[in-house]
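This structure is a prediction, so every number in the text was calculated from the model and none was measured. Chain letters run A, B, ... following the sequence lines, proteins first and then strands; every chain starts at 1.
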Protein chains: 2
Amino acid sequence: MAKFLHPSLDDICLTEILSALSDPVRIRILKTMLDAQGCCSCTQAAPCPKIAKSTLSNHFRILREAGLIKTTKVGVENRSVVREQEINQKFPGLLKTILKFAD
Amino acid sequence: MAKFLHPSLDDICLTEILSALSDPVRIRILKTMLDAQGCCSCTQAAPCPKIAKSTLSNHFRILREAGLIKTTKVGVENRSVVREQEINQKFPGLLKTILKFAD
DNA sequence: TATTGTAGTACAGAATTATTGAACTATTGA
DNA sequence: TCAATAGTTCAATAATTCTGTACTACAATA
């Protein structure tokens with residue numbers, strides 16, 4: 001059974017956040033999740049159907065390990081939310097500023 | 001003779017900027033250059049002496065190709081400046097917000 | 001309780017990217 | 001002209017990323 005490791009606020013670092021957001025697929029995923037105003041399954045937040053699901057899974061892992069999203073298993077799905085408030089607490093304005101210029 | 005290719009403002013894109021800044025070495029270089037309030041040679045802006053000069057050269061190339069710095073050859077040195085105004089024109093507040101949280 | 005379908009993870013090999021040392025170019029100064 | 005300095009380019013190696021296959025976990029249905 002997969003256990004999701006979410007870093008604590010203290011362990012979230014700028015470099016990993018930028019690294020996670022430096023991929024167009026992942027920034028699109030994050031934007032989709034924020035627009036959805038709540039939880040998203042991996043497939044819902046996927047930017048295109050072409051992408052291999054193992055690759056998609058990996059992108060979610062990177063977002064999770066960077067501390068950008070929180071994932072919980074609900075039935076057969078993994079539902080994720082952006083850890084918006086926590087990120088804003090540690091890096092005020094960062095997410096908003098970056099995502100403003102995405103796409 | 002090395003010719004430095006600097007992208008035009010139109011060609012600068014968010015993803016490449018984030019990608020360039022997602023490396024702790026490069027973000028340190030950028031911060032050093034901004035603190036120096038002007039041009040810096042590669043060795044001046046280098047974050048540590050241990051790093052191989054070919055690696056350092058590569059980091060500068062990535063910063064340059066992302067549109068973050070402008071490099072000109074002055075005598076034996078390459079002197080670089082952050083393209084602060086141009087970046088601010090295209091992505092207002094981005095650089096400042098990101099660098100505020102660096103280190 | 002099997003069986004089938006759905007959602008996603010784990011792993012291993014292929015493809016891509018980063019790092020480094022060595023050789024090179026360009027400029028300066030003795 | 002010769003040596004020193006500053007950086008680039010190249011090729012080899014090291015490290016990452018991407019993807020297909022096999023797998024687990026849960027749900028629904030017979």
Kindly give the heavy-atom pair with the smallest separation between Ala20(B) and Leu63(B), and that separation in Å.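 Closest approach of Ala20(B) to Leu63(B): CB-CD2, 4.3 Å.
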Under 3.5 Å, is there a donor-acceptor pair between the side chain of [X] and the main chain of [Y]?
X	Y	answer
Ser57(B)	Lys53(B)	no
Gln44(A)	Ser41(A)	yes
His6(A)	Thr71(A)	yes
Arg64(B)	Ile69(B)	no

Can you tell me the distance, in whole Å, between the [atom1] atom of [X] and the [atom2] atom of [N]?
X	N	atom1	atom2	result
Gln44(B)	dA6(D)	CD	C1'	12 Å
Phe60(A)	dC18(D)	CZ	C1'	16 Å
Glu16(B)	dT17(C)	CD	P	12 Å
Ile62(A)	dG8(C)	CD1	C1'	16 Å
Lys73(B)	dT28(C)	NZ	P	9 Å
Ile69(B)	dG7(D)	CD1	C1'	13 Å

If a pair satisfies ring pair (Phe, Tyr, Trp, His ring centres under 6.0 Å) and one of its residues is in residues 11-69 of chain B, list it, with sequence neighbours excluded.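 Pairs touching residues 11-69 of chain B that pass the test: none.
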Report each atom pair, protein N/O against N/O of nucleotides 19-23 of chain D, whose distance is under 3.5 angstrom.
residue, atom, partner, partner atom, Å
dT19(D), OP2, Thr55(A), OG1, 2.8
dG20(D), N7, Ser54(A), OG, 3.0
dG20(D), O6, Ser54(A), OG, 3.0

Once salt bridge (charged side-chain N to carboxylate O under 4.0 Å, His left out) is applied, do any residues pair with Glu86(B), and if so which ones, sequence neighbours excluded?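 Scan of Glu86(B) (salt bridge (charged side-chain N to carboxylate O under 4.0 Å, His left out), adjacent residues dropped) gives Arg83(B).
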Please name all residues satisfying salt bridge (charged side-chain N to carboxylate O under 4.0 Å, His left out) with Glu65(B), sequence neighbours left out, ordered by chain then number.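 Expected list: Arg61(B).
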Mind listing the residues from residues 75-82 of chain B sitting with a heavy atom below 4.0 Å of DNA chain D? Number order is fine.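 Going residue by residue through residues 75-82 of chain B, the ones with a heavy atom under 4.0 Å of DNA chain D turn out to be Val76(B), Glu77(B), Asn78(B).
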If a pair satisfies salt bridge (charged side-chain N to carboxylate O under 4.0 Å, His left out) and one of its residues is in residues 5-15 of chain A, list it, with sequence neighbours excluded.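 Listed by first then second residue: nothing to list.
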For Thr43(A) and dG8(C), is the shortest distance between a side-chain N/O and OP1 or OP2 below 4.0 Å?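 For Thr43(A), the contact criterion (side-chain N or O under 4.0 Å from OP1 or OP2 of dG8(C)) is met.
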Given DNA chain C, 5'-ward residue of the pair Lys50(B) and Val74(B), judged by closest heavy atom: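 Here Lys50(B) is the residue nearer the 5' end.
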So what does Arg64(A) touch, heavy atoms closer than 4.0 Å: a base, only the sugar-phosphate, or nothing?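 Result for Arg64(A) = sugar-phosphate.
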